[in-house]
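Proteins come first, then strands; the chains are lettered A, B, ... in the order of their sequence lines, and each starts at number 1.
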Number of protein chains: 2
Amino acid sequence: MNDHTGFLDIFPRSELFADIEEGKLPDVHSYGRQCAYEPGVALFREGDPADKSFFVLKGRIKLTKLHPEGRETIVRYINPGEMTAAVSVFRERNYPVTAEAIETSEVIAFDRETMLEVMRAYPQVAINLLGIVVERLENVQSRYLEMQVERVEQRIARSLLRIMKQSGRKTDEGILIDFRLSRKDLADYTGTTLYTVSRILSSWEQRGWIATGRERIIVSDPHSLVAFAETG
Amino acid sequence: MNDHTGFLDIFPRSELFADIEEGKLPDVHSYGRQCAYEPGVALFREGDPADKSFFVLKGRIKLTKLHPEGRETIVRYINPGEMTAAVSVFRERNYPVTAEAIETSEVIAFDRETMLEVMRAYPQVAINLLGIVVERLENVQSRYLEMQVERVEQRIARSLLRIMKQSGRKTDEGILIDFRLSRKDLADYTGTTLYTVSRILSSWEQRGWIATGRERIIVSDPHSLVAFAETG
DNA sequence: TTTTGTCTTTGCGCTGGCGCAAACAGGATG
DNA sequence: CATCCTGTTTGCGCCAGCGCAAAGACAAAA
């Protein structure tokens, strides 16, 4: 029973399955196939034919996109209760990103046909999915704009705050980013280099805004960081 | 009659209304309200409450996003047969961009309720819309990646090619970008400055890859430009 | 405990691209 | 035709941020 990681707790709080009657949730759940991934294992790779969508119950998934020259960008992190690979609903499409578990994760995979079936059975799911994709589009558009007009230090501030909001956990020293996040990760997320990230985090640590460790960041003074992100 | 700009020609070839039976198209059309915009006039502004979606019959719409500091980015151009502001389907949302006609344009406006009604009456429209948004998400993600890893000159090449594909017209001197496109516009689209764009276009003109005029670009050697965009 | 591997820090030199300033050019207007 | 307005070009100086290299620090393994 517990190996189902209580989807009954997560579904009603998720954006995708909100508005579905409690009683119908086991039915929706039964459409999918639950599976687990260890850290470092890919759910799918960029360019693969897209045949499944994934709903995350537990853990954390990293979406990355590769450039032919070798460098990559981190597109976003997927947290429990969120969904990825809506693209699979459409025939003849390929995954535009690679999805990799960065923690031990449990997900539910829906393949195209069952996804369409769920959407037909529960039309509100289709509309919710549209809402999710629209929201992500706006999110990337914002980051694209920031990329164009803001200096590196400001972008890192904003990105750190964004990650903090999505995946932060309150502790008594401040808000802890709740997963392994290296300097290189932050660099790939903001479009800079690990050297620059390191220099900037060091300077913030001296000012007392954050506390850092190996692959670990605690934001101890979010207020100052927000002020900095907004004014430069 | 002709003031309806023949939606019967455009609907069947559009991604949104593909798969709808010919005979039903006048019905779909009747859900919306057709209107015209002169160049420079805004259909909606970033931040306004989003209550209408727009389908373009004729002309061209520019989507821009503003940064508090004053600079802006051109998010994309909307051509005839395309749609924008899917966000309006959702209550309590605001337009994330500003839409402005850059040519005399005719569009059909669907407000939220009628949009939902069309989607209920023709479920395929909802799925098509999801497909359109997914595609744009992938497009922005690609540009975001390019922004991070490519040098300015390469990004301008890629952007010029992208615009050329979407809005180019064959002439005997090469492929003409079919609307007023200034150095500043290209700079706002690629995230650089008009000075840099000017310098780079000049160098390409000397190499014979393009021919330029005031707010006018003709790509005379697309092949070389593609090679450059891909190898840097 | 020592070792090994990975992650992080920091000095240093270099350069792509920014942005001012000023001249130039082409359309539109009267 | 001359004028005005807006867009374009180009010289020049500057600096944010890159990226190498080498040392330091932490975690897990042996």
Side-chain angles (χ1 to χ4, degrees), chain A residues 38-40 62 67 69-74 102-104 146-160 177 179-207 210-218 228 232, chain B residues 38-40 62 67 69-74 102-103 146-160 177 179-207 209-218 228 232:
Chain A
E38 288 306 306
K62 180 175 78 171
H67 193 267
E69 312 301 321
R71 270 188 61 186
E72 70 176 20
T73 192
I74 296 177
I102 57 170
E103 296 173 5
T104 302
E146 289 162 17
M147 185 81 196
Q148 292 195 353
V149 309
E150 290 174 1
R151 313 219 149 254
V152 166
E153 193 170 4
Q154 205 175 345
R155 291 195 333 249
I156 296 177
R158 236 184 250 281
S159 299
L160 186 55
I177 306 295
F179 59 94
R180 297 193 171 290
L181 182 74
S182 70
R183 307 295 183 265
K184 177 72 164 48
D185 290 331
L186 246 187
D188 289 344
Y189 190 83
T190 51
T192 178
T193 64
L194 79 122
Y195 308 110
T196 301
V197 169
S198 176
R199 281 183 259 264
I200 286 171
L201 291 192
S202 294
S203 87
W204 291 351
E205 188 154 26
Q206 284 185 346
R207 282 183 244 177
I210 62 172
T212 71
R214 190 193 175 91
E215 295 181 309
R216 211 179 112 90
I217 301 176
I218 296 173
F228 179 83
Chain B
E38 288 306 306
K62 180 174 78 171
H67 194 268
E69 311 301 320
R71 271 189 58 186
E72 69 176 21
T73 192
I74 296 178
I102 57 170
E103 297 173 6
E146 289 162 17
M147 185 82 197
Q148 292 196 354
V149 308
E150 291 175 1
R151 313 220 150 260
V152 166
E153 194 170 3
Q154 205 175 344
R155 295 204 319 261
I156 297 177
R158 237 185 249 283
S159 300
L160 187 55
I177 307 295
F179 59 94
R180 298 193 170 290
L181 181 75
S182 70
R183 308 295 184 264
K184 177 68 165 46
D185 289 332
L186 247 187
D188 289 344
Y189 190 84
T190 52
T192 178
T193 63
L194 82 125
Y195 308 109
T196 301
V197 170
S198 176
R199 281 183 258 264
I200 287 172
L201 291 192
S202 294
S203 88
W204 292 350
E205 188 154 26
Q206 284 185 346
R207 284 183 242 176
W209 295 356
I210 62 173
T212 70
R214 189 193 176 91
E215 295 180 309
R216 212 179 113 91
I217 301 177
I218 296 172
F228 179 84

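Taking side-chain N and O atoms only, A:Arg151 has no distance below 4.0 Å to OP1 or OP2 of D:dA16. Listed pair B:Thr212 / D:dT8 fails the phosphate criterion, with no side-chain N or O lying under 4.0 Å from OP1 or OP2. Look at A:Thr192 and you'll find a side-chain N or O under 4.0 angstrom from OP1 or OP2 of D:dC18. Proximity of B:Arg199 to the phosphate of D:dT9: no side-chain N or O atom is located under 4.0 Å from OP1 or OP2. At D:dG17, none of the side-chain N or O atoms of A:Thr196 fall inside 4.0 Å of OP1 or OP2 (strictly under the cut-off).
A straight line from CD1 of B:Ile200 to P of D:dT10 spans 13 Å, rounded to a whole angstrom. When the C1' atom of C:dT8 is taken as reference, atom CG of A:Leu201 falls 10 Å away, rounded to whole Å. In this structure, A:Glu153 places its CD atom 8 Å from P of D:dG17, rounding to the nearest Å. Following rounding to the nearest Å, A:Lys184 (NZ) and D:dG19 (P) show an atom-to-atom distance of 11 Å. If you measure from atom CZ of A:Arg183 to atom P of D:dG19, you get 19 Å, rounded to the nearest angstrom. As a whole-Å value, the separation of B:Leu186 CG from D:dG7 P is 14 Å. In this structure, A:Tyr195 atom OH and C:dT10 atom C1' are separated by 11 Å, rounded to whole Å. Rounded to whole Å, atom P of D:dA25 lies 18 Å from atom CD of A:Glu215.
Among the atoms of the strands shown, base atoms are found under 4.0 Å from some heavy atom of B:Ser198.
Nearest nucleotide to the A:Ser182 side chain, out of C:dT10, C:dC7, D:dT10: C:dC7.
Across every non-hydrogen atom of A:Gly213 and A:Arg183, the tightest pair is O-NH2, 3.6 Å.
Counted by atom type alone, A:Glu150 and B:His67 present one or more donor-acceptor pairs between their side chains at under 3.5 Å.
DNA chain D is contacted by both A:Arg214 and A:Thr193; A:Thr193 maps to the nucleotide lying nearer its 5′ end (nearest heavy atom per residue).
Among B:Thr190, B:Thr196, B:Val197, the single residue meeting the side-chain contact (heavy atoms from CB on, under 4.5 Å) criterion with B:Thr193 is B:Thr196.
The aromatic rings of B:Trp204 and B:Phe228 sit perpendicular, their planes meeting at an angle over 60°, well past the 30° parallel limit.
Within a 6.0 Å radius of CZ in A:Arg207, other residues, nucleotides and ligands contribute more than 12 heavy atoms.
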